[in-house]
Amino acid sequence: MSMLVYFSSGTQNTHRFVTKTGLPALRIPCSMKEDILKVTQPFVLVVATYAGGDGRGAVPKPVIRFLNDSSNRSFIRGVIAGGNRNFGATYCLAGTVISEKCQVPFLYRYELAGTDDDVMKVRHGLQRFWQHAEAA
């Protein structure tokens with residue numbers, strides 16, 4: 001199974017979710033002043049949505065910067081998004097945007113830091129996903 005790459009802001013919800021999966025993971029730096037994270041193997045991106053009612057800013061700027069690097073973008077295989085259902089139509093919008101822009105599957109969505117059930121579904125789902133990817 002390959003790794004997760006994730007972005008988590010000060011709320012740490014995404015960090016907590018990724019930590020609960022127990023899967024190998026790299027974190028995209030929060031600060032645009034830090035060096036850009038470079039990956040060298042296939043990954044699934046985990047990102048929360050940061051958008052107001054109009055959907056602007058759904059994908060965090062550090063994630064955009066990370067994916068604008070063509071080498072990093074070449075290794076993305078799927079996306080998992082977190083969000084808050086209170087935001088209605090923009091719930092997990094970052095996953096939709098990234099999926100469409102990078103032409104990768106939107107694998108799963110979860111709320112806030114996710115439930116134990118979400119973690120279990122993601123672990124099992126990713127195991128199947130990587131098995132299918134390796135067979136293809």
Side-chain angles (χ1 to χ4, degrees):
M1 188 181 316
S2 287
M3 71 174 163
L4 300 174
V5 171
Y6 72 99
F7 175 79
S8 187
S9 70
T11 66
Q12 300 293 317
N13 283 331
T14 306
H15 177 74
R16 282 193 295 276
F17 179 78
V18 168
T19 300
K20 287 189 285 187
T21 70
L23 299 172
L26 295 174
R27 185 175 183 167
I28 297 170
C30 289
S31 172
M32 297 289 276
K33 294 178 182 178
E34 292 183 55
D35 290 340
I36 189 169
L37 174 67
K38 294 285 198 171
V39 295
T40 58
Q41 67 184 46
F43 67 91
V44 168
L45 180 65
V46 183
V47 61
T49 296
Y50 298 91
D54 63 359
R56 292 181 192 263
V59 180
K61 285 183 176 36
V63 175
I64 293 169
R65 178 178 175 229
F66 170 79
L67 290 173
N68 278 342
D69 179 285
S70 61
S71 178
N72 286 340
R73 196 172 52 255
S74 73
F75 288 111
I76 188 173
R77 298 296 183 265
V79 62
I80 295 170
N84 187 325
R85 292 182 197 277
N86 289 338
F87 292 103
T90 63
Y91 173 64
C92 295
L93 181 60
T96 301
V97 171
I98 293 167
S99 173
E100 290 173 1
K101 293 253 185 202
C102 295
Q103 298 182 1
V104 295
F106 188 166
L107 300 170
Y108 195 78
R109 57 180 47 100
Y110 65 93
E111 187 169 22
L112 301 173
T115 64
D116 290 342
D117 191 47
D118 291 322
V119 171
M120 183 186 69
K121 287 178 181 177
V122 165
R123 284 184 57 79
H124 293 313
L126 285 174
Q127 185 176 23
R128 286 191 307 275
F129 177 76
W130 289 117
Q131 285 173 348
H132 284 84
E134 290 171 1

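- The cluster map of Ile, Leu, Val, Met, Phe, Trp and Tyr, joined by side-chain heavy atoms under 4.5 Å apart, puts V119 and L112 in different clusters.
- V104 and I64 end up in the same hydrophobic cluster when Ile, Leu, Val, Met, Phe, Trp and Tyr side chains are linked at under 4.5 Å.
- Shortest non-hydrogen contact noted between V122 and F17 is CG2-CZ, 3.7 Å.
- Two residues are said to be in side-chain contact when any heavy atoms from C-beta on lie closer than 4.5 Å; V47 and T14 fail this criterion.
- For the pair S31 and R65, the tightest heavy-atom approach, listed with the atom from each and the gap, is O-NH1, 4.1 Å.
- When all heavy atoms are compared, the tightest approach of I76 to C102 is CG2-CB, 4.1 Å.
- Within a 6.0 Å sphere centred on CG of N68, heavy atoms belonging to other residues, nucleotides or ligands number more than 12.
- We find the CG-OG1 distance between L93 and T49 to be 6.0 Å, quoted to the nearest 0.5 Å.
- Between F7 and P29 the shortest heavy-atom distance is CE1-O, 3.9 Å.
- Shown here are the side-chain contact (heavy atoms from CB on, under 4.5 Å) partners of S99, two or more places apart in sequence or in another chain: V79, F106.
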### From CA spacing to verdict: side-chain contact (heavy atoms from CB on, under 4.5 Å), M3, V39
CA-CA 10 Å; M3 71 174 163; V39 295; 3.9 Å; yes
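- Between the Q12 side chain and the S9 main chain, a donor and an acceptor come within less than 3.5 Å of each other.
- Annotation: side chain of F66 is in contact with side chain of V5 (closest heavy-atom distance under 4.5 Å).
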### Query
Do L26 and F43 pass the side-chain contact (heavy atoms from CB on, under 4.5 Å) test, and can you show the C-alpha distance, the side-chain angles, and the key distance before you say yes or no?
CA-CA 10 Å; L26 295 174; F43 67 91; over 6 Å; no
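- Of all heavy-atom pairs between S8 and C30, the closest is O-SG, 3.0 Å.
- In terms of heavy atoms, N72 sits closest to K38 at OD1-CA, 3.5 Å.
- For E34, the CD atom is densely surrounded, since the number of other residues' heavy atoms within 6.0 Å is greater than 12.
- Note: T21 OG1 to L4 CG = 5.0 Å, rounded to the nearest 0.5 Å.
- Taken to the nearest 0.5 Å, the OG1 atom of T90 stands 13.0 Å off from the OH atom of Y50.
- At a threshold of 4.5 Å between non-hydrogen side-chain atoms, the residues F129 and R77 count as touching.
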### Message
Go through it in stages, so that I can follow the logic: the residues are I80 and L126, the test is side-chain contact (heavy atoms from CB on, under 4.5 Å), and I'd like the CA-CA distance, side-chain angles, deciding distance and then a yes or no.
### Response
CA-CA 10 Å; I80 295 170; L126 285 174; 4.2 Å; yes
### Query
Stepwise, does the side-chain contact (heavy atoms from CB on, under 4.5 Å) test hold for D116 with M120?
CA-CA 6 Å; D116 290 342; M120 183 186 69; over 6 Å; no
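- A distance of 8.0 Å separates CG of D118 from NZ of K20, quoted to the nearest 0.5 Å.
- For the atom pair I28 CD1 and K61 NZ, the distance stands at 15.0 Å (nearest 0.5 Å).
- Using cut-offs of 30° and 60° for the angle between ring planes, the H15 and Y6 rings count as tilted.
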